[in-house]
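A quick write-up on the structure given underneath.
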Amino acid sequence: MRILSGMRPTGKLHLGNLVGALQNWLRLQEEHQCFFLVADWHALTTGYADTSALAANVREVVLDYLAAGLDPARSVIFVQSHVAEHAELSLLFSMITPIGWLERVPTYKQQMQEMPDRDLSTHGFLGYPVLQAADILIYKAEGVPVGEDQVPHVELTREIARRFNHFYGPVFPEPQALLNVVKVLPGIDGRKMSKSYGNQINIADPPEEIRRKVAQMVTDPTRIYRRDPGHPEECSVHMFYRVFAPEVQDERAEACRQAARGCVECKRLLGDALVEWLAPLQERRRYFEARPGEVGEMLREGADRAREVARLTMEEARRAVGMFHA
Ligand code: TRP
């Protein structure tokens with residue numbers, strides 16, 4: 001199966017991105033032909049007015065991809081805008097996509113409400129899912145690993161593929177959303193970990209910062225005194241043990257229920273465990289951070305490999321539409 005997924009470059013990735021997306025991608029790259037992009041065009045749809053951090057954000061995401069273990073020897077890792085065919089196919093799809101379909105995408109109105117300070121009444125923002133359809137279909141990807149929020153975009157991609165095939169003949173397969181094994185990781189305030197809440201622990205956070213953030217995490221709210229028995233199933237810290245140190249989760253949970261260990265101590269131990277868990281990722285990150293030339297070369301190669309496939313699809317699409325070619 002051919003797989004494609006990507007993330008918008010909004011800065012350093014956090015543990016929610018790692019557990020919710022990147023770990024699934026790692027599994028998929030073992031068995032499938034995978035394309036992983038950094039969606040810089042998509043970042044422009046909402047961030048066009050201030051692009052001062054765009055290049056740096058792309059770099060951070062690439063470093064986090066590599067830190068997590070995406071492997072350029074197995075997967076095609078590249079920056080969306082480096083392969084011009086994404087833009088070209090997006091324009092072609094825009095010809096056949098009814099505006100009503102786009103206005104009905106739930107993320108459209110939602111995001112507008114979430115970012116009232118930005119003028120999102122633009123052509124580009126409305127066309128966000130058309131561009132995403134082009135990302136997916138330019139590689140004829142069959143599987144798209146995404147979170148729940150992105151399912152409507154994959155559904156729209158299927159509809160665009162169907163409509164294209166109906167007008168011009170069969171060119172595009174209809175891709176499937178591969179739902180991420182949803183592990184919603186809480187942030188340090190107990191809400192879902194998210195950059196927009198500012199409650200995240202980044203993959204790249206230095207050990208002392210990780211320990212400091214873990215020490216701030218909210219625990220079982222009904223455990224007020226050290227002597228009160230706790231409820232691990234209600235506790236963010238326990239959630240982290242389940243994901244990052246499953247070998248000790250039972251002991252930690254039991255000690256919590258028995259009030260044999262306090263939250264401060266439990267969090268100190270988690271801080272240590274998390275720092276240790278992240279050490280190999282951070283080492284990889286530092287390795288690539290110190291070698292920008294190597295990363296640049298890797299991205300050029302990734303774009304070249306992606307372009308080879310993208311060109312063929314674009315050629316086929318142009319022919320199907322009946323565009324002049326000499
Ligand atoms: N829209 C996706 C998100 O916000 C990012 C993305 C861009 C994407 N192109 C893609 C995801 C193609 C899957 C496939 O998370």
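These numbers come from the heavy atoms of this one structure, side chains and all, not from hydrogens, waters or symmetry mates. For clarity, every value in this text was computed on a predicted model and none was experimentally measured.
The pair K213-E209 meets the salt-bridge criterion, with a side-chain N (NZ, NE, NH1 or NH2) lying under 4.0 Å from an Asp/Glu carboxylate O. No salt bridge links E289 with R284; every basic N to acidic carboxylate O contact stays at or beyond 4.0 Å. Comment: E297 engages R300 in a salt bridge, judged by a side-chain N to carboxylate O separation of less than 4.0 angstrom. The pair R74-E30 meets the salt-bridge criterion, since a charged nitrogen lies less than 4.0 angstrom from a carboxylate oxygen. In this structure, R211 pairs ionically with D272, as a charged nitrogen and a carboxylate oxygen lie closer than 4.0 Å. Ionic pairing of R252 and E265 is not present here: no N-O contact between side-chain nitrogen and carboxylate oxygen is shorter than 4.0 angstrom.
In this structure, the ring of F93 has its center less than 6.0 angstrom from the ring center of F172.
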*Report the C-alpha separation of V181 and R27 in whole Å, then their side-chain angles, then the decisive distance to 0.1 Å, and conclude whether the side-chain contact (heavy atoms from CB on, under 4.5 Å) test is met.*
CA-CA 11 Å; V181 182; R27 268 192 296 278; 3.8 Å; yes

*Take R191 and N199, measure what side-chain contact (heavy atoms from CB on, under 4.5 Å) needs, and give me the verdict at the end.*
CA-CA 8 Å; R191 293 185 290 174; N199 63 0; 4.1 Å; yes

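In this structure, Y225 shares a hydrophobic cluster with I224, the cluster being traced through Ile, Leu, Val, Met, Phe, Trp and Tyr side chains under 4.5 angstrom apart.
Within the 3.5 Å criterion, the main-chain N or O of W41 finds no donor-acceptor partner in the side chain of T45. Without hydrogens or angle criteria, Y128 side chain to H153 main chain gives no donor-acceptor distance under 3.5 Å.
Under the side-chain hydrogen bond (donor to acceptor under 3.5 Å, both in side chains) criterion, the residue pairs touching residues 134-145 are Q80-D135, H86-D135, H86-Y139, K140-E316, with sequence neighbours excluded.
Two different hydrophobic clusters hold L137 and I3 under the rule that ILVMFWY side chains link at heavy-atom gaps under 4.5 Å.
Residues forming a side chain to side chain contact (heavy atoms under 4.5 Å, CB included) with N57 (at least two apart in sequence, or on another chain): P9, A53.
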